[in-house]
Amino acid sequence: MILQAEDLTLTFPGFRLRVPRLALAPGEVLVVLGPSGSGKTTLLRLLAGLLPPEGGRVTGGLRVYLPQTPPLLHRSVLDNAAFGLLLHGVPREKARQRAQARLKEVGLEALAHRPAHRLSAGEAARLALARALAVEPEVLLLDEPTANLDPANALRVEVLLRRAAEEGRGVVLATHNLFQARRLGHHLLFLHRGEAVEEGPVAEVFAAPKDPRTQAFLRGEMVF
Ligand SMILES: Nc1ncnc2c1ncn2[C@@H]1O[C@H](COP(=O)(O)OP(=O)(O)OP(=O)(O)O)[C@@H](O)[C@H]1O
């Protein structure tokens, strides 16, 4: 396993997250579904080590967390792609070479010297992924990575995520897009008011959800 969590708990005023167990294998895509406010972002931040849990623990390899709108520096596309590597202590020239290669993979090599803030939303999403992948993480933690994208750009991101998983990386993907969950996910975790109420293989949970709350959510009847 490249990511494991046990007995995770965290309390905010009026909200308590409780995830007894979570495990991610290399090459696996875990989709986290749940209504707005159910704790998806909080779980991702705990898994990333950005929030300390109140109880329980998280263990695993190198993780990169991408928030819904990843911040980009007011620098070139290439500088942004190399930024994570510089933070990891990679020398500047080497970092730029590796970043160039990642930009090529995401189809942005022609824009390497453009200011990042001039990119379209779809290009910015791919740049954020290139920057994340450049540090060779074992686990990608993604918070609604295609929420602001049109279907064509969303599809390009999905292709990159599938490729990352095929390379052996683990992916935890919080999404509101049920079609995307079915297309990309192997395993599914459903959160409701901070509680992990159902988990299982994506196909099985979609075909026959066991918990009435998951059933209602998948029927589109739970919108809060
Ligand atoms: N730093 C914080 N301090 C206090 N409460 C917080 C904090 N972060 C999140 N919360 C609360 O925790 C609950 C879960 O929020 P979270 O953002 O994890 O949900 P979510 O499932 O990601 O929602 P959405 O789908 O809308 O992004 C919410 O009630 C939120 O208001």
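We number each residue from 1, following the sequence as shown.
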[atom2] on [Y] to [atom1] on [X], rounded to 0.5 Å:
{"X": "Arg169", "Y": "Leu3", "atom1": "CZ", "atom2": "CG", "value": "15.0 Å"}
{"X": "Arg18", "Y": "Arg193", "atom1": "CZ", "atom2": "CZ", "value": "15.0 Å"}
{"X": "Thr42", "Y": "Leu191", "atom1": "OG1", "atom2": "CG", "value": "9.5 Å"}
{"X": "Asn153", "Y": "Glu158", "atom1": "CG", "atom2": "CD", "value": "11.5 Å"}
{"X": "Arg131", "Y": "Leu85", "atom1": "CZ", "atom2": "CG", "value": "11.0 Å"}
{"X": "His113", "Y": "Arg75", "atom1": "NE2", "atom2": "CZ", "value": "13.0 Å"}

Heavy-atom side-chain proximity of [X] to [Y] below 4.5 angstrom:
{"X": "Arg114", "Y": "Ser76", "result": "no"}
{"X": "Val172", "Y": "Leu140", "result": "no"}
{"X": "Val32", "Y": "Thr175", "result": "no"}
{"X": "Val202", "Y": "His187", "result": "no"}
{"X": "Thr69", "Y": "Asn148", "result": "yes"}
{"X": "Phe15", "Y": "Leu10", "result": "no"}
{"X": "Leu189", "Y": "Leu33", "result": "no"}

What's the verdict on side chain to side chain contact (heavy atoms under 4.5 Å, CB included) for Leu30 and Leu22, showing C-alpha distance, side-chain angles and the deciding distance?
CA-CA 10 Å; Leu30 169 68; Leu22 183 148; 3.9 Å; yes
Give the cluster check for [X] versus [Y]: same hydrophobic cluster or not, with ILVMFWY residues linked at side-chain heavy-atom distances below 4.5 Å.
{"X": "Val139", "Y": "Met1", "answer": "no"}
{"X": "Val31", "Y": "Val157", "answer": "yes"}
{"X": "Val205", "Y": "Phe190", "answer": "yes"}
{"X": "Phe83", "Y": "Leu111", "answer": "no"}
{"X": "Leu161", "Y": "Ile2", "answer": "no"}

Quick check: are there more than 12 heavy atoms from other residues, nucleotides or ligands sitting under 6.0 Å from CZ of Arg219?
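Buried by this count: over 12 neighbours within 6.0 Å.
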Looking at every heavy atom in both [X] and [Y], which two are closest together, and how far apart are they?
{"X": "Pro137", "Y": "Val64", "answer": "CB-CG2, 3.7 Å"}
{"X": "Gly39", "Y": "Leu17", "answer": "O-CD1, 3.9 Å"}
{"X": "Leu44", "Y": "Tyr65", "answer": "CB-CE1, 3.7 Å"}
{"X": "Arg183", "Y": "Asn177", "answer": "NH2-ND2, 4.3 Å"}
{"X": "His88", "Y": "Leu62", "answer": "NE2-CD1, 3.9 Å"}
{"X": "Glu144", "Y": "Lys40", "answer": "OE2-CE, 4.5 Å"}

If we count only N and O atoms by modelled type, under 3.5 Å, do the side chains of Gln4 and Thr59 hold a donor and an acceptor together?
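Looking only at side-chain atoms, Thr59 and Gln4 do not form any donor-acceptor pair under 3.5 Å.
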Is there a donor in the side chain of Glu109 and an acceptor in the side chain of Gln100, or the other way round, less than 3.5 Å apart?
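Absent: no donor and acceptor within the cut-off.
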Would you confirm whether [X], through its side chain, and [Y], through its main-chain N or O, come within 3.5 Å as a donor-acceptor pair?
{"X": "Glu54", "Y": "Thr11", "result": "yes"}
{"X": "Ser120", "Y": "Glu123", "result": "yes"}
{"X": "His186", "Y": "Val29", "result": "yes"}
{"X": "Glu6", "Y": "Arg21", "result": "no"}
{"X": "Asp143", "Y": "Thr41", "result": "no"}
{"X": "Thr9", "Y": "Gly55", "result": "yes"}

Salt bridge (charged side-chain N to carboxylate O under 4.0 Å, His left out) between Arg96 and Asp79, intermediate numbers included
CA-CA 7 Å; Arg96 287 171 78 84; Asp79 282 348; 2.9 Å; yes
Residues Arg63, Val58; criterion side chain to side chain contact (heavy atoms under 4.5 Å, CB included); working and verdict:
CA-CA 11 Å; Arg63 284 150 261 169; Val58 177; 3.4 Å; yes
Side chain to side chain contact (heavy atoms under 4.5 Å, CB included) between Glu136 and Arg98: does it pass, once the steps are laid out?
CA-CA 10 Å; Glu136 305 282 354; Arg98 278 169 64 179; 4.0 Å; yes
In sequence, state the C-alpha distance, the side-chain angles, and the governing distance for Leu72 and Leu127, and then conclude on side chain to side chain contact (heavy atoms under 4.5 Å, CB included).
CA-CA 9 Å; Leu72 294 176; Leu127 171 55; 3.9 Å; yes
Apply salt bridge (charged side-chain N to carboxylate O under 4.0 Å, His left out) to the pair Glu166 and Arg163, showing each step before the final yes or no.
CA-CA 5 Å; Glu166 283 164 5; Arg163 195 186 298 161; over 6 Å; no
Go through the steps for Glu198 and Arg213 under the test salt bridge (charged side-chain N to carboxylate O under 4.0 Å, His left out), then give the verdict.
CA-CA 9 Å; Glu198 183 150 0; Arg213 293 162 290 187; over 6 Å; no
